[in-house]
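First up is the structure itself, then whatever we jot down about it.
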There are 2 protein chains.
Amino acid sequence: MGTIAKALQLLSHFSNNQPEIGLSRFVQITGDDKATVHRRLRELRDSGFLHQDPVSRAYRLGPAISRLEIVKESSFPARRAAIETIRTLNREVSETAHVSVIQGNVGLSTIAYVDDLSHGIRVHVDVNEILPYHATASGLVTLAFMEDQQVDDILKQGLNKYTADTQTELPQLRANLRQIRNSGYSRSQGGFELDVVGIAVPLFDHRKKCAGAVAVAAPSSRLTDDVQRSILPNLKIAANAINESWQGLT
Amino acid sequence: MGTIAKALQLLSHFSNNQPEIGLSRFVQITGDDKATVHRRLRELRDSGFLHQDPVSRAYRLGPAISRLEIVKESSFPARRAAIETIRTLNREVSETAHVSVIQGNVGLSTIAYVDDLSHGIRVHVDVNEILPYHATASGLVTLAFMEDQQVDDILKQGLNKYTADTQTELPQLRANLRQIRNSGYSRSQGGFELDVVGIAVPLFDHRKKCAGAVAVAAPSSRLTDDVQRSILPNLKIAANAINESWQGLT
DNA sequence: AACTGGTGGTTCGAATAATGAACCAACTAT
DNA sequence: ATAGTTGGTTCATTATTCGAACCACCAGTT
């Protein structure tokens, strides 16, 4: 990994739970030397990707992010399209829904989500973090529809065990992927976050290559087989809508 | 400038007019060696900041941008707040309005804008580019309310002459800044884009430090003194609203 | 007042990673 | 075939990143 990637990885440590991070905390997280981390943070700050509080000296995500997002969305409004459709999806199924896209071989990056508000108990996965391929419904379904070469590269990296239920056995996983490809959707039960069930359907880009997934997540207690069956058609409709609106963005 | 900053600068070449850029074009723009540029692009791609079209091999802004923007806005919803208020501002004054924030010493980064739709002829500045301090209304008003030390650093870098009307004489500029600080607003006539007049009012962060500006831009033909006077109060109301909503985001 | 442990930040020799001229490979048009 | 594109790679040279040790500051303890 080059210097650039290492620096950019610092940005991925920000989340809802941790919107501001100081130098020492960064050192603690990354394990790198303080001087090194500091130099990287300074360059990110000077480029506008971080904003440093003048008083507390802590860092948070900077204005350059917003600016680039505007450029991105005004030329390829992928996110806007996704948000619209998962809003209606959420209204129909009354559960948390999100759209995530492939981000290299590390996992899926969530670009839109709608938290369910109708239930008292609801899933609160922090979608601001990268979703691993092998432990989430979205990840599994993208793996299933991905090119074999890339699947091999990803599985070669090793399978992190997030919970007791995370599937880390390669043969079973490969069988699971075949089954997912046949059925057209994936289901994951507590592999990433305990008691959370996810159902996901693949998304494709303009060249029919798998680009990501739409998923619904819910507490396992609420997601009976019947409910699941009722959600699936809605998921597929949402996926079609997003696929269609993404075709124009070549 | 370090390697990280050089790589990140590649991202700033994307704009509405140029949403996709290939390797050769990047080499042409930057003047760096092809191998160097390619390595930087690859790292940005692998980190998710660029997406490479599998067919055309051209690069465009990637999903990591959207992800970070979500994290940023869900912890510090600065942009959302800004968008709301400039929408009403736009309805009231019927001209293009935008909010830009300080991005280091290079200029201002626009984080929200509303294009005016009521007039046939309207300003179309590409707000996706960095606004220079000395040549725009937003830039001038932030300079006027910025700390002297930083002002000196910025003016030291030299003043680019964008149009025949760009003010590049230091003494006049400094006098102009004093006058702006007294009046509380700035006005710029065709200094960055010909025939465009801008009026801007400063924004402050939680420590009362100048953080950016709200501005209205219009064709000079339409912006008579009377119209200008009528716009000012609306601008100040908008600035107050944004300032207030930003206070909580320390 | 000195000590302790916590911030953020800097220095400079040593180690490492970025650099760029030359080179492929594929495609298009002449 | 030739010449001019495109994107991408190699490898010896060079310049940059790296990191142990350092400073300055602040808050609470002894």
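Here is the naming used below: chain letters follow the sequence lines, and residue numbers restart at 1 for every chain. All values below were derived from every heavy atom in this structure, side-chain atoms included, with hydrogens, water molecules and symmetry-related copies excluded.
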Inset, instruction - Taking A:Gln52 for its side chain and A:Arg57 for its backbone only, find out whether a donor-acceptor pair lies under 3.5 Å. - result: yes
Inset, instruction - Return no unless some side-chain N or O of B:Thr3 is found under 4.0 Å from OP1 or OP2 of D:dT17. - result: yes
Legend entry - Length of the line joining A:Leu44:CG and D:dT17:P, which is rounded to integer Å: 13 Å
Inset, instruction - Tell me, please, which residues at least two apart from A:Arg67 pass side chain to side chain donor-acceptor pair (under 3.5 Å). - result: none
Legend entry - Sequence-aligned protein contact record of nucleotides 20-30 of chain C, with B where the base is within under 4.0 Å of a protein heavy atom and S where only the sugar-phosphate is: BB---------
Inset, instruction - Determine whether B:Val37 and B:Leu23 make a side-chain contact, defined as any pair of heavy atoms from C-beta on separated by less than 4.5 Å. - result: yes
Legend entry - Lys/Arg-Asp/Glu bridge criterion (N-O < 4.0 Å) met for A:Arg39, A:Asp33: no
Inset, instruction - Map A:Gly2 and A:Arg57 onto DNA chain C by nearest heavy atom, then report which one ends up closer to the 5' terminus. - result: A:Arg57
Inset, instruction - Please determine which of B:Arg60, B:Arg25, B:His13 meets the side chain to side chain donor-acceptor pair (under 3.5 Å) test together with B:Gln18. - result: B:Arg25
Legend entry - Whole-Å distance separating the CG atom of A:Leu41 from the C1' atom of D:dG19: 15 Å
Inset, instruction - Using a cut-off of 6.0 Å, state whether more than 12 heavy atoms not belonging to A:Arg80 lie near its atom CZ. - result: no
Inset, instruction - Pick base, sugar-phosphate or nothing for B:Tyr59, based on heavy-atom distances below 4.0 Å to the nucleic acid. - result: sugar-phosphate
Inset, instruction - Ignoring backbone atoms, establish whether A:Gln52 has a side-chain N or O less than 4.0 Å from OP1 or OP2 of C:dG9. - result: yes
Legend entry - Close approaches to DNA chain C from residues 6-14 of chain A, in residue order (heavy atom, under 4.0 Å): none
Inset, instruction - Give a yes/no answer on whether the side chain of B:His38 brings an N or O atom under 4.0 Å of OP1 or OP2 in D:dG7. - result: no
Legend entry - C:dT10 OP1/OP2 closer than 4.0 Å to side-chain N/O of A:Arg42: yes
Legend entry - Charged N-O contact under 4.0 Å between A:Arg40 and A:Asp32: yes
Legend entry - Gap between atoms CG and P, on A:Asp53 and C:dG9 respectively (whole Å): 11 Å
Legend entry - Length of the CD1-P vector between B:Ile4 and D:dC18, whole Å: 7 Å
Inset, instruction - Would you kindly compare B:Ser56 and A:Glu43 by the position of their nearest DNA chain D nucleotide and give the one closer to the 5′ end? - result: B:Ser56
Legend entry - Spacing between B:Phe26 atom CZ and D:dG8 atom P, to the nearest angstrom: 12 Å
Inset, instruction - Mark yes or no for whether B:His134, through its side chain, and B:Asn160, through its backbone, hold a donor-acceptor pair below 3.5 Å. - result: yes
Legend entry - Atom CG of A:Asp148 with >12 non-hydrogen neighbours under 6.0 angstrom: no
Inset, instruction - Measure from CD on A:Glu20 to C1' on C:dT7 and round the result to the nearest Å. - result: 15 Å
